[in-house]
Amino acid sequence: MEASVILPILKKKLAFLSGGKDRRSGLILTIPLCLEQTNMDELSVTLDYLLSIPSEKCKARGFTVIVDGRKSQWNVVKTVVVMLQNVVPAEVSLVCVVKPDEFWDKKVTHFCFWKEKDRLGFEVILVSANKLTRYIEPCQLTEDFGGSLTYDHMDWLNKRLVFEKFTKESTSLLDELALINNGSDKGNQQEKERSVDLNFLPSVDPETVLQTGHELLSELQQRRFNGSDGGVSWSPMDDELLAQPQVMKLLDSLREQYTRYQEVCRQRSKRTQLEEIQQKVMQVVNWLEGPGSEQLRAQWGIGDSIRASQALQQKHEEIESQHSEWFAVYVELNQQIAALLNAGDEEDLVELKSLQQQLSDVCYRQASQLEFRQNLLQAALEFHGVAQDLSQQLDGLLGMLCVDVAPADGASIQQTLKLLEEKLKSVDVGLQGLREKGQGLLDQISNQASWAYGKDVTIENKENVDHIQGVMEDMQLRKQRCEDMVDVRRLKMLQMVQLFKCEEDAAQAVEWLSELLDALLKTHIRLGDDAQETKVLLEKHRKFVDVAQSTYDYGRQLLQATVVLCQSLRCTSRSSGDTLPRLNRVWKQFTIASEERVHRLEMAIAFHSNAEKILQDCPEEPEAINDEEQFDEIEAVGKSLLDRLTVPVVYPDGYGSCSYHFIFYWC
């Protein structure tokens, strides 16, 4: 019977061997009864298991049974005592029933046990817990009965489980190892040539069983020599003393058989390793030259866009991932072959070197093809990336050219024109980069036939070449169209710059003319002190008018140029609604004021000339002038001039007025 079979019953601790002994060196069997009803069948099973543990020699010394009835009823105790007669009648020498302090009729119980003594075959005594030491030494009693013996039921049960498991596994393992070792010694040539079969492997790991045995033996030996907490030497249980030689014997047998088994495995592994390497080498070679090469042959395109090239790259990465698994096998096989070459037999060297060379050639060739394909796809991706960037630049330039220009001033036009030139230059750089990438890609495609395994890739290559050349030609045409449009836009913008310049200059001419008018009204007011000075002022005034006339004509010409430019640009000039009326209004005001200034200067010349003539005729006595008619004429001119000076000049459009004051000096 094994503890694992009745483990739930044993955990209930219906009975136990604490390791204590009576004064006759017999083992003490303790049956702790509890308040609940004890299952007699389970108790019987527990007693059968416990009594199977000690040796026959130990059983011959008899058992002292302690029935702890302090928490139970008398009829249960009586049943247990009677059951001992059937379970262990010959082994029981004394039964100590530990009674409670306050229950059971002493006379009845004593009478019943005394009555059954001859029939039971062993002595039964009733004793209280504190008087149990009369029959058993305190150091052999557990703490439940006031003793000092330490007992852990779960610890004992776990060790029994470990011991029984080790015994069972080690016995089975010894049989299996003996069968394997003996079969290897008697093996024929057919067994040497076949690979390792699972039937020749032990059912459990020998290392694990050996480790379990060593740990169990160490625990048993440690408990033998360690003392208790109180310093009193602890005597091991009889089952533990019996288990130690059993464990040691099993460990010695296991080590011997396991050593032989390891040698058998080493020889068998050596025989089968070469066969496995040959098989794996052929698997790698067959896959690389078969499905692996077919995958590469099926991948010849480069895609027509970034997305298509990326999809091809992803597909190629999947192919590389599959190849990587086989390349990892190649590395492992190469290491194994190298190890065998260093420690192999002479008869295996030629075959191993041949396998190594064949494997290396195939793997290096396939890796070169994968690298070439990866570089080709990367070049295609870069080519399509440059083409896409260039296409976006052309789209942006075309969009800028398609939008009508409506700048606010010449500076913004210059800035826009500069931006156009920069974009066109960027397109030139992008197109040059596209040509370089395309030519490099064409060069790589021309070398594709070198790894095609004899396959005709002319048709596929022609499609790729046509696509690359088509992209470059299309970009060239688009760039040319954009350049033509830029030329037209450049001409238009230069005209607009000229238009803005004419408008600005025309506005400046109006300002100049306004300043001349202001100067005419505010500073050109003197009429001179004599005829000569007045003539000089009149001459200066005419030159002043000539300057104003030139300014007016310059403004008219500029405004006329703006009209022509607007007609060319098909736009409306801002000058036609503002600058031209202002120019005409200021010029009209200037003309009226100028004419008035001329009339007054001419009247002043006439006045001064007549006055000077009269004064020359009678320089000493001007009062004696007798020519009244001449004097009246001078007087009339002077009054007329004075009247004209006092009358304000009113502009025809009603803007403002100004008076000229004449200062007349009599000589």
Using a strict 4.0 Å threshold on nitrogen-to-oxygen distance, state whether [X] and [Y] make a salt bridge.
| X | Y | value |
| --- | --- | --- |
| Lys462 | Asp466 | yes |
| Arg365 | Asp361 | no |
| Glu422 | Lys425 | no |

Relative to the ring of His323, is the ring of Trp287 parallel (under 30°), tilted (30 to 60°) or perpendicular (over 60°)?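 Perpendicular.
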Hey, can you tell me if Trp587 and Tyr552 have their rings parallel, tilted or perpendicular (30° and 60° cut-offs)?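 It falls in the parallel class, under 30°.
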Is the backbone N or O of [Y] less than 3.5 Å from a side-chain atom of [X], with the two atoms forming a donor-acceptor pair by type?
| X | Y | value |
| --- | --- | --- |
| Ser391 | Ala387 | no |
| His541 | His524 | no |
| Ser309 | Ile302 | yes |
| His384 | Gly303 | yes |

Atom pair CD/CD1 of Glu596 and Ile592 - distance to nearest 0.5 Å: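 Output value for this atom pair is 10.0 Å.
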Look up atom CG in Leu434 and atom CE in Met472, then write down how far apart they are to the nearest 0.5 Å.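 These two atoms lie 6.5 Å from each other.
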If you count the non-hydrogen atoms of other residues, nucleotides and ligands that lie under 6.0 Å from [atom1] in [X], is the total more than 12?
| X | atom1 | value |
| --- | --- | --- |
| Gln532 | CD | no |
| Glu371 | CD | no |
| Gln469 | CD | yes |

Within the 3.5 Å criterion, strictly below it, is a donor on [X] or [Y] matched to an acceptor on the partner's side chain?
| X | Y | result |
| --- | --- | --- |
| Arg582 | Ser514 | no |
| Gln549 | Asp553 | yes |
| Glu320 | His316 | yes |
| Gln439 | Asp443 | yes |
| Gln336 | Glu276 | no |

Is there a side-chain contact between Leu441 and Ile445 in this structure, where contact means two heavy atoms from C-beta onward sitting under 4.5 Å apart?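 A side-chain contact under 4.5 Å exists here.
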